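First comes the structure, then the notes that go with it.
As the structure is a computational prediction, the values presented were derived from the model and not from experiment.
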Amino acid sequence: MEPEELIQKYIQDSLNEAEKVQFETLLKSDAAFAQKVTEFENVHAAIKANEKAELKSHLQQLEANENMSNPTKKTVKKSIRLAIAVVILVVIGLIGNYFMQQANLNETLYATYFEPYPNALAPVTRGQETPAEALPKAMRLYEDGKYQEAFDMISEIIKSQENPETDVLFYQAMCLLNLQQETEALNILREIKHKETRFTPQIYWYGALIHIKFKENEKALKALQYMDEIQTTFKSKEREILKQKL
């Protein structure tokens, strides 16, 4: 997980156990990371303090106006306008805070539930180097986390096929996802989602995650609900959690 995402989840108090260990380790061993944590905390605290101070000031002014012994019509109107302004500011603040939290929630959900899908396409033989066919070699690169090299090789395989295999296209999309090219990955998943493949549940799962990252919650829900309809057990617990949070 990127340091900024880790710090953001720390500020939101949403780190899981593994992330807490990673966070504490970085905090102790990485001075730059520790400094960035302090900066995030200071900004977060300043925003909260500023919001409270502004609201308190408005309320105190309103109370002072209302407590005047002989308020004129002008003062009363001013107090009413001030009260309306306070309400508007509070509502705007709540709405802005909601959308900021929602955006952070979507990023957090994606980061929490995304993980590279393992190689289930071509067996990889470790050990003595021997001439390898293109697909097993590409999948070895994929297993080793060399996603750009794997993508390039898989793309060449697809170009050489008159009718590209759906399963191979799925792993082309997986390479793109791991390269943080979500839009391109989603385009491929859309292209193959209605084709015959053993990876149909996975196609809809990763499609749902991309929609979550893009803040397209309705589309994500539809993908998760389709997984229910086809009665797949793939990520059953995780998708129930996601449906409740979206």
Side-chain angles (χ1 to χ4, degrees), residues 1-3 5-6 16-19 21-22 107-214 219-220 223-224 226-242:
M1 180 176 292
E2 293 296 323
E5 293 179 349
L6 202 61
N16 59 35
E17 291 304 318
E19 290 164 348
V21 172
Q22 182 184 0
E107 292 286 345
T108 299
L109 288 175
Y110 180 85
T112 300
Y113 289 99
F114 174 77
E115 59 182 1
Y117 192 71
N119 170 24
L121 186 59
V124 173
T125 302
R126 304 282 174 175
Q128 185 178 359
E129 292 292 332
T130 57
E133 294 181 0
L135 186 57
K137 186 175 181 180
M139 295 313 297
R140 178 169 184 170
L141 291 169
Y142 179 86
E143 285 190 0
D144 290 341
K146 299 177 180 178
Y147 299 115
Q148 184 62 59
E149 295 176 55
F151 172 79
D152 293 339
M153 184 164 288
I154 290 173
S155 297
E156 289 300 318
I157 294 170
I158 290 170
K159 287 179 183 177
S160 69
Q161 296 175 339
E162 185 175 348
N163 295 307
E165 296 178 22
T166 304
D167 293 356
V168 178
L169 286 166
F170 170 73
Y171 275 97
Q172 185 186 40
M174 291 301 97
C175 288
L176 287 168
L177 263 186
N178 284 285
L179 292 168
Q180 298 181 345
Q181 298 180 36
E182 291 85 4
T183 300
E184 294 81 358
L186 183 60
N187 289 337
I188 295 174
L189 295 177
R190 282 172 171 162
E191 177 187 342
I192 65 176
K193 68 180 182 180
H194 295 306
K195 295 184 178 181
E196 185 176 349
T197 173
R198 54 181 158 150
F199 296 119
T200 295
Q202 290 79 1
I203 289 170
Y204 279 87
W205 170 253
Y206 284 101
L209 290 182
I210 296 172
H211 285 307
I212 288 172
K213 186 168 187 179
F214 290 168
K219 292 181 179 180
L224 295 172
Y226 182 77
M227 292 177 70
D228 293 338
E229 291 174 13
I230 62 176
Q231 299 181 343
T232 177
T233 58
F234 180 70
K235 299 291 184 181
S236 57
K237 292 181 180 179
E238 291 87 345
R239 68 174 183 262
E240 286 304 316
I241 296 172
L242 284 178

request  = Give, for atom CE of Met139 and atom CG of Asp144, the distance between the pair rounded to the nearest 0.5 Å.
outcome  = 11.0 Å
remark   = Smallest heavy-atom separation, Ala208 atom then Ala220 atom, equals O-CB, 3.6 Å
task = For Gln161 and Ile158, indicate whether the former's side chain and the latter's backbone hold a donor-acceptor pair under 3.5 Å.
result = no
query = Are side-chain heavy atoms of Leu242 and Ile212 found at a separation under 4.5 Å?
reply = yes
task = Quick one: pull up OG1 in Thr166 and CZ in Phe199 and give me the separation to the nearest 0.5 Å.
result = 10.5 Å
query = Between CD1 of Ile203 and CG of Leu189, what distance do you get to the nearest 0.5 Å?
reply = 6.5 Å
task = State the CD-OG1 distance between Glu238 and Thr112, to the nearest 0.5 angstrom.
result = 11.5 Å
ask   = What is the minimum heavy-atom distance between Tyr204 and Met227, and which atoms define it?
value = CB-CG, 3.8 Å
Any Tyr117 side-chain heavy atom under 4.5 Å of Tyr142 side chain = yes
task = Report the C-alpha distance between Lys159 and Glu156 in whole Å, list the side-chain angles of each, state the deciding distance to 0.1 Å, and finish with yes or no for salt bridge (Lys or Arg N to Asp or Glu O under 4.0 Å).
result = CA-CA 5 Å; Lys159 287 179 183 177; Glu156 289 300 318; 3.8 Å; yes
Minimum side-chain heavy-atom gap Leu6-Glu19 below 4.5 Å = yes
ask   = How far does CD of Glu165 sit from CG of Leu135, to the nearest 0.5 angstrom?
value = 7.5 Å
message = Would Gln202 and Thr232 count as a side chain to side chain contact (heavy atoms under 4.5 Å, CB included) here? Give the steps.
response = CA-CA 10 Å; Gln202 290 79 1; Thr232 177; over 6 Å; no
request  = Report the distance from atom OH of Tyr110 to atom CD1 of Ile210, rounding to the nearest 0.5 Å.
outcome  = 6.0 Å
task = Only pairs at least two apart or in different chains count here, so list each ring pair (Phe, Tyr, Trp, His ring centres under 6.0 Å) that has a residue in residues 176-195.
result = none
key: Residue pair Tyr147, Leu141: steps toward the side chain to side chain contact (heavy atoms under 4.5 Å, CB included) verdict   = CA-CA 7 Å; Tyr147 299 115; Leu141 291 169; over 6 Å; no
message = Any non-hydrogen side-chain atom of Leu186 less than 4.5 Å from a side-chain atom of His211?
response = yes
request  = Answer whether the closest heavy-atom distance between the side chains of Phe234 and Thr200 falls below 4.5 Å.
outcome  = no
Output a table of donor-acceptor pairs, distance under 3.5 Å, between side-chain atoms of residues 168-178 and any protein atom two or more places apart or on a different chain; print 'none' if there are none.
| residue | atom | partner | partner atom | Å |
| --- | --- | --- | --- | --- |
| Tyr171 | OH | Pro118 | O | 2.5 |
| Tyr171 | OH | Ala120 | N | 2.8 |
| Gln172 | NE2 | Ser155 | OG | 3.1 |
| Asn178 | ND2 | Met174 | O | 2.8 |

ask   = Do Lys213 and Phe114 come within less than 4.5 Å of each other through their side chains, counting heavy atoms only?
value = no
inquiry  = Tell me whether Asn16 contacts the main-chain N or O of Ala18 through its side chain, where contact means a donor paired with an acceptor under 3.5 Å.
reply    = yes
task = Test Asn187 against Glu191 for side-chain hydrogen bond (donor to acceptor under 3.5 Å, both in side chains), laying out the working first.
result = CA-CA 6 Å; Asn187 289 337; Glu191 177 187 342; over 6 Å; no
message = Quick check: do Asp228 and Arg239 have side-chain heavy atoms less than 4.5 Å from each other?
response = yes
